[in-house]
Protein chains: 2
Amino acid sequence: MNGLKEGWFSELSSLWPGISLSLQVNEVLHSEKSDYQDILVLQTKSHGRALILDGIIQCTESDEFAYQEMISFLPLCSHPSPKKVLIVGGGDGGVAREVAKHPDVESIVQVEIDSHVLDVSKKFLPFMGAGLTNPKLTLHVGDGFRFMAQHRHEFDVIITDSSDPVGPAVCLFQQSYFESMREALKPGGIVCSQAGTVWANIDIVAQTFQHCHQTFRKASFAYAAVPTYPTGQIGFVLGSLSPETNFKEPLRIFSETELDSFNMNYYSAEVHRAAFILPRFARKALDEIVSNVTDEANTGDR
Amino acid sequence: MNGLKEGWFSELSSLWPGISLSLQVNEVLHSEKSDYQDILVLQTKSHGRALILDGIIQCTESDEFAYQEMISFLPLCSHPSPKKVLIVGGGDGGVAREVAKHPDVESIVQVEIDSHVLDVSKKFLPFMGAGLTNPKLTLHVGDGFRFMAQHRHEFDVIITDSSDPVGPAVCLFQQSYFESMREALKPGGIVCSQAGTVWANIDIVAQTFQHCHQTFRKASFAYAAVPTYPTGQIGFVLGSLSPETNFKEPLRIFSETELDSFNMNYYSAEVHRAAFILPRFARKALDEIVSNVTDEANTGDR
């Protein structure tokens with residue numbers, strides 16, 4: 001019954017008890033303990049290179065495109081003119097790589113707290129790390145929360161590409177973080193944050209969505225299929241300062257030729273629309289939050 | 001790096017090399033070798049009971065609803081009047097449970113080759129096994145291929161709920177099987193078959209889709225998220241004898257009240273539509289097949 005032998009990496013977390021994904025490993029390319037986390041880079045047998053932080057798979061070469069394309073283009077294509085973008089986290093460089101593709105984006109600022117992740121990605125994960133040297137990008141090593149407090153009303157879009165809400169990233173899932181993002185946005189600005197999976201942690205997803213819904217004029221939840229993430233998918237909460245935003249209908253629709261030229265393997269306008277359609281149990285859970293928040297607003301409790 | 005200890009079940013297959021899902025096991029409820037396969041029933045720590053055939057997870061109590069609802073309601077809601085339904089395989093009873101919910105369905109015939117799976121499901125997996133005693137259902141133990149040869153033009157919908165295309169189920173993924181289904185259908189009939197995952201086996205998916213496309217007037221591919229299946233999702237090929245079928249737009253749309261009364265946790269009309277929207281890389285692979293088959297037909301090669 002226990003098929004796994006030496007030579008497999010197994011991912012275990014209290015966020016998804018009783019289930020574990022394992023990847024067969026050909027070689028450990030790098031292993032270190034930075035000031036913030038354990039950093040591990042594996043050459044896997046079938047999924048290319050993999051970045052592991054504190055024992056959790058952050059991305060594999062085989063499917064990282066799905067996550068990076070979606071966390072970037074869902075908010076970018078929901079904004080009428082996304083010129084200046086802030087990325088919080090995203091140390092592997094994959095989100096910067098995607099954001100830079102959007103022709104309206106003129107400048108990208110990225111704030112990553114762990115310089116070792118940046119170095120490791122540039123050295124061992126060039127398919128993502130190359131994003132960190134894009135000419136549109138200005139890279140800061142530091143705390144995203146603090147950075148935003150010093151840069152008010154500067155950004156059209158803020159993307160938070162964080163690890164999961166255990167340990168150092170917990171603060172990025174709290175209401176105060178969403179308020180901090182709101183203050184760093186220009187009028188009409190949009191945020192998009194990694195938000196876990198409705199299949200393992202619907203309570204956490206619902207709480208994060210509630211924070212977003214309470215902070216922004218419009219809020220929505222979408223997901224992308226990512227086979228090497230827990231439950232095979234990951235969610236995103238999106239918030240907008242503009243009451244006119246309709247996240248489910250992209251404002252910017254790229255042609256097939258444009259998408260080909262961007263080397264897009266997951267995102268398209270129809271994928272954008274479908275990403276907001278949730279299984280019934282999940283939609284009901286999130287609809288309940290919207291309804292409760294609206295009730296509170298209407299009765300003056302908020 | 002190897003986090004898994006005794007007490008975990010690990011799923012390994014040549015269909016998805018280098019990756020393995022593991023479930024923590026509280027108790028082995030049943031283990032036997034039938035004439036056709038190894039049958040294992042586990043009480044898992046976090047995913048309820050699980051049915052394992054030849055080492056591959058067939059369903060867990062936590063997420064089987066997604067698969068069963070979708071493989072049943074995608075074809076049923078694409079047919080104008082699905083009165084008589086054939087289920088090939090589906091020995092756990094979950095598909096029969098779902099098909100019986102559709103108010104137009106008057107009779108269901110199910111042909112399962114392994115009587116031991118039926119017995120095990122009734123005894124250990126009552127949440128699915130109860131479907132096998134539905135008054136609409138007539139159950140046959142035998143070979144689906146042979147059964148269809150003896151029952152021509154009888155069914156409105158044929159659902160093939162098989163294991164994966166290794167070992168005994170290989171024949172259910174071949175062109176001759178799709179031709180056999182075609183002959184067992186009434187005019188305007190529709191089929192839906194389990195068809196693997198575009199993330200691990202796009203070649204097999206494409207081949208199965210091609211068989212379906214070459215055999216039926218209309219063919220399409222959809223998927224459902226199922227966290228405990230490889231890559232977290234599973235695909236379905238659908239074929240129709242009617243040129244008017246548009247799989248992406250359900251003919252029968254149930255109200256929220258009806259869906260509640262059916263205890264539906266995954267399926268809705270909007271989920272139906274979104275299930276046909278594929279990531280770009282997958283859509284391109286399948287579009288290429290449609291284009292090639294159409295070219296062959298136009299030049300008389302077919």
Side-chain angles (χ1 to χ4, degrees), chain A residues 1-12 16-26 28 40 42 44-47 55 62-63 65-66 69 197 199-200 223-233 256 259 264-268 270-271 273-281 283-284, chain B residues 1-12 16-25 28 40 42 44-47 52 55 62-63 65-66 69 197 199-200 223-233 256 259 264-268 270-271 273-281 283-284:
Chain A
M1 205 164 70
N2 293 285
L4 299 192
K5 307 274 191 305
E6 285 297 312
W8 287 78
F9 164 81
S10 297
E11 181 189 65
L12 288 163
W16 46 90
I19 192 166
S20 170
L21 192 76
S22 301
L23 296 173
Q24 201 168 357
V25 177
N26 281 353
V28 176
L40 183 65
L42 305 175
T44 70
K45 183 185 172 189
S46 309
H47 296 77
S62 67
D63 58 6
F65 67 92
E69 289 182 22
T197 165
W199 289 93
Y223 75 97
V226 185
T228 59
Y229 281 166
T231 79
Q233 61 174 242
E256 288 296 308
L259 293 172
M264 299 292 261
N265 289 308
Y266 192 99
Y267 181 90
S268 65
E270 60 173 11
V271 166
R273 295 182 193 104
F276 292 88
I277 307 301
L278 304 182
R280 237 179 145 241
F281 79 93
R283 183 173 56 72
K284 280 181 156 186
Chain B
M1 207 164 67
N2 294 282
L4 300 191
K5 307 275 191 307
E6 286 297 313
W8 288 78
F9 164 80
S10 298
E11 180 187 65
L12 288 164
W16 45 92
I19 192 165
S20 171
L21 193 76
S22 301
L23 297 173
Q24 202 169 356
V25 178
V28 176
L40 183 65
L42 305 175
T44 71
K45 184 185 171 187
S46 309
H47 296 77
I52 321 284
S62 68
D63 58 5
F65 67 91
E69 289 183 22
T197 164
W199 288 93
Y223 75 97
V226 185
T228 59
Y229 281 166
T231 79
Q233 61 175 241
E256 288 297 307
L259 293 172
M264 300 292 261
N265 289 308
Y266 193 98
Y267 183 89
S268 65
E270 61 173 9
V271 167
R273 295 183 194 104
F276 292 87
I277 308 302
L278 304 183
R280 230 173 155 247
F281 79 93
R283 182 173 55 72
K284 280 182 157 187

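Heavy-atom basis, side chains included; hydrogens, waters and symmetry copies ignored.
To the nearest 0.5 Å, atoms OH (Tyr229(B)) and OG1 (Thr231(A)) are separated by 15.0 Å. Here Ser20(B) contributes atom OG and Phe9(A) contributes atom CZ; the two are 13.0 Å apart, rounded to the nearest 0.5 Å.
Listed here is the closest heavy atom pair of Pro279(B) and Val271(A): CA-CG2, 4.1 Å. Pairing each heavy atom of Gly18(A) with each of Ser46(B), the nearest pair is CA-OG, 3.6 Å.
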Under the criterion ring-ring contact (aromatic ring centres under 6.0 Å, His included), I'd like the reasoning laid out for Phe65(A) against Trp199(B): C-alpha separation, chi angles, the key distance, then a yes or no.
CA-CA 12 Å; Phe65(A) 67 92; Trp199(B) 288 93; 5.7 Å; yes
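Under the salt bridge (Lys or Arg N to Asp or Glu O under 4.0 Å) test applied with Glu270(B), the options Arg283(A), Arg280(A), Arg273(A) reduce to a single match, Arg283(A).
The shortest distance between side-chain heavy atoms of Ile19(B) and Gln24(A) does not fall below 4.5 Å.
Looking at Glu69(A), neither its backbone nor its side chain comes within 4.5 Å of chain B, counting heavy atoms on both sides. Of the atoms belonging to Tyr223(B), it is side-chain heavy atoms, and not backbone ones, that fall under 4.5 Å from chain A. Using a 4.5 Å cut-off between heavy atoms, Leu259(A) touches chain B through backbone and side chain atoms alike. For a residue to count as touching a neighbouring chain, one of its non-hydrogen atoms must lie under 4.5 Å from one of that chain's; by this rule Ile277(B) touches chain A with the side chain only.
Ranked by heavy-atom pairs under 4.5 Å with chain B, the first of Tyr266(A), Phe276(A), Tyr267(A) is Tyr266(A). When each of Pro17(B), Ser268(B), Pro230(B) is scored by its heavy-atom pairs under 4.5 Å with chain A, the top score falls to Pro17(B).
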